[in-house]
Structures are given as C-alpha cells and as structure tokens.
Visitor: 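One structure is given below, represented as structure tokens, and several questions about it will come after.
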Amino acid sequence: MKTIYFSILSLLFFSCGVKNIHKMSGDKRIETGIESRKYQDNNNEYFAIVVGEHGDEGEARRLSIVNASIEFATKAEAMVNSAVKQDATQSMNNKVGKLDIEAKRTIITKAATNNMVLVEDALYYNEDQQVYKYRAVYKLDVKKILKTLGGS
C-alpha cells in the first residue's frame with residue numbers, strides 16, 4: 001500500500017516538475033517551422049531533416065543537401081534491406097548478398113544524390129551573425145533504391 005502511495009506521489013511530483021523545469025531554467029520553446037513527427041521513416045520512405053548554415057544562401061541550401069546525403073548513408077543498411085524485401089527475386093538477393101556495407105552506402109548515396117525529393121523547407125537569416133539557416137526535409141523512396149540496385 002505504501003508503495004502505491006509513493007508511486008502516485010512520485011508520478012505527480014515528476015509530471016508537475018517536468019512541465020515547469022524549462023520555465024524555471026529560463027528555456028524558451030523555439031518553433032522550427034518543420035514538424036518532425038510527420039516525417040517518420042517506414043518501409044517505403046526514408047526522411048532526412050537537416051540544417052545548412054552559411055553566410056551565403058545558396059551555400060546553406062547546398063550544405064543541407066550534403067547533410068541529407070550523409071544522413072541517408074547512415075540509414076543505408078535498413079534502406080537496402082527494405083528494398084530487397086519489396087523485390088524478393090533471387091537475382092536481387094544474390095546481387096545484394098554480395099555487397100558489403102560500403103557498397104550499400106555507395107548505392108544509397110547514388111540514389112540519394114539523384115532521387116531525393118525536397119518535401120518541406122524553411123529559410124532563416126540571423127542578422128547579428130549574418131548567417132542563413134536553411135532547414136529542410138528530404139525524402140528518399142525505396143522504389144528509387146530498387147531502381148538504383150537494378151542498375152548497379
């Protein structure tokens with residue numbers, strides 16, 4: 001019985017404390033303009049939410065593309081496995097089974113470079129630092145990976 005009361009009191013204490021801890025520490029909520037919950041990876045689509053920062057707007061946009069390619073490369077194994085499951089032919093299994101992780105990353109980088117799609121973006125400028133901040137969401141469809149795997 002004591003443990004139930006202790007658990008309830010602990011839960012109340014922590015739930016109330018969590019709400020006010022940011023206020024007490026002086027933290028302010030920042031609206032990013034991009035709702036990341038909308039962009040969860042699944043077996044058909046993979047997303048990269050990235051930021052490119054630079055004094056030149058074009059360079060900030062280019063850096064966001066580079067960052068998206070890097071993020072897609074870190075997801076290479078899952079993306080290739082998902083693509084193989086969708087096209088479970090013996091020739092595809094043989095082709096992918098012979099690839100090491102670097103070869104899989106190369107395929108994803110090639111697919112990302114040629115086929116990633118901009119889904120959402122927002123551009124910010126900081127006058128004090130004279131820096132553009134380009135936030136973007138890119139998508140890579142598993143069908144594009146299959147196309148790249150078929151051609152490699």
Side-chain angles (χ1 to χ4, degrees), residues 11 14-152:
L11 182 63
F14 286 118
S15 64
C16 293
V18 170
K19 291 179 184 175
N20 295 325
I21 194 165
H22 295 292
K23 188 175 182 181
M24 290 186 307
S25 64
D27 296 339
K28 293 182 181 178
R29 183 178 176 98
I30 304 296
E31 295 298 327
T32 62
I34 295 176
E35 191 176 332
S36 60
R37 285 176 276 168
K38 294 191 310 189
Y39 305 110
Q40 299 297 314
D41 294 342
N42 59 53
N43 289 336
N44 296 316
E45 299 173 324
Y46 288 84
F47 297 94
I49 302 172
V50 293
V51 176
E53 293 184 30
H54 199 273
D56 178 62
E57 178 185 346
E59 189 65 19
R61 290 176 188 269
R62 191 190 70 73
L63 286 172
S64 74
I65 293 171
V66 169
N67 291 339
S69 294
I70 291 168
E71 189 166 330
F72 285 134
T74 62
K75 299 177 182 184
E77 186 75 24
M79 295 169 81
V80 170
N81 290 338
S82 179
V84 170
K85 285 178 187 173
Q86 289 186 24
D87 180 8
T89 60
Q90 190 61 38
S91 63
M92 183 65 79
N93 288 331
N94 290 340
K95 185 182 286 191
V96 174
K98 295 176 185 175
L99 300 176
D100 62 0
I101 189 64
E102 282 305 312
K104 289 178 182 177
R105 284 194 178 131
T106 301
I107 287 170
I108 296 301
T109 303
K110 183 178 174 185
T113 303
N114 298 326
N115 301 305
M116 72 178 162
V117 177
L118 177 64
V119 178
E120 185 177 347
D121 64 347
L123 180 65
Y124 302 94
Y125 183 70
N126 185 315
E127 289 185 20
D128 296 335
Q129 298 175 350
Q130 296 181 338
V131 171
Y132 287 95
K133 294 180 183 179
Y134 182 69
R135 292 184 47 86
V137 178
Y138 294 94
K139 175 178 82 169
L140 187 56
D141 195 327
V142 173
K143 292 175 190 163
K144 305 291 184 181
I145 299 167
L146 281 169
K147 182 179 175 185
T148 305
L149 281 169
S152 63

Visitor: Just to verify, what does D141 make a salt bridge (Lys or Arg N to Asp or Glu O under 4.0 Å) with, not counting sequence neighbours?
Guide: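 Counting only residues at least two positions away or on another chain, D141 forms no salt bridge (Lys or Arg N to Asp or Glu O under 4.0 Å).
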Visitor: Can you name the closest pair of heavy atoms from Y46 and A78 and give their distance?
Guide: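 Looking at all heavy atoms of both residues, the closest pair is OH-O, 3.4 Å.
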Visitor: Judged by atom type as modelled, is there a donor-acceptor pair below 3.5 Å linking the side chain of N126 to the main-chain atoms of V131?
Guide: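 Between the backbone of V131 and the side chain of N126 there is no qualifying donor-acceptor contact (under 3.5 Å).
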Visitor: Assess the residue pair M79 and D41 against the criterion (side-chain contact (heavy atoms from CB on, under 4.5 Å)); give the C-alpha distance rounded to whole Å, side-chain angles, the decisive distance to 0.1 Å, and a yes or no.
Guide: CA-CA 10 Å; M79 295 169 81; D41 294 342; over 6 Å; no
Visitor: Just how far is it from atom NE2 of H54 to atom OG of S64, taken to the nearest 0.5 Å?
Guide: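 Output value for this atom pair is 12.5 Å.
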Visitor: Quick one: list whatever passes salt bridge (Lys or Arg N to Asp or Glu O under 4.0 Å) with E102, sequence neighbours left out.
Guide: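 E102 satisfies salt bridge (Lys or Arg N to Asp or Glu O under 4.0 Å) with R105 once adjacent residues are dropped.
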Visitor: Between Q130 and Y125, does the side-chain contact (heavy atoms from CB on, under 4.5 Å) criterion hold? Intermediate values first, please.
Guide: CA-CA 7 Å; Q130 296 181 338; Y125 183 70; 3.6 Å; yes
Visitor: Indicate the atoms forming the closest heavy-atom contact of V51 with N67, along with that distance.
Guide: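 In this case the closest contact between V51 and N67 is O-ND2, 2.8 Å.
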Visitor: How long is the gap from CD on E45 to CD on Q40, to the nearest 0.5 Å?
Guide: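 Here the rounded value is 12.0 Å.
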Visitor: Under the side chain to side chain contact (heavy atoms under 4.5 Å, CB included) test, which residues partner N115, sequence neighbours left out?
Guide: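 Testing N115 for side chain to side chain contact (heavy atoms under 4.5 Å, CB included), a comparison that skips the adjacent residues, returns A111, L140, K144, T148.
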Visitor: Can you name the nearest heavy-atom pair linking D121 to L118, along with the distance?
Guide: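 In terms of heavy atoms, the two residues are closest at OD2-CD2, 3.8 Å.
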Visitor: Once you round to the nearest 0.5 Å, how far does CG of D56 lie from CZ of R61?
Guide: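 Here the interatomic distance stands at 10.5 Å.
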Visitor: Side-chain contact test, heavy atoms from C-beta onward, threshold under 4.5 Å: evaluate it for E71 versus Y138 and give yes or no.
Guide: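 With C-beta onward as the side chain, the pair stays apart.
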Visitor: Quick one: CE on M116 to CZ on F47, what's the gap to the nearest 0.5 Å?
Guide: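 Reported to 0.5 Å precision, the distance equals 13.5 Å.
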Visitor: Run the numbers on I49 and R135 for side-chain contact (heavy atoms from CB on, under 4.5 Å), then give the verdict.
Guide: CA-CA 7 Å; I49 302 172; R135 292 184 47 86; 4.1 Å; yes
Visitor: Report, as yes or no, whether the 6.0 Å neighbourhood of atom NZ on K75 holds more than 12 heavy atoms from other residues, nucleotides or ligands.
Guide: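 For K75, atom NZ is crowded (more than 12 foreign heavy atoms under 6.0 Å).
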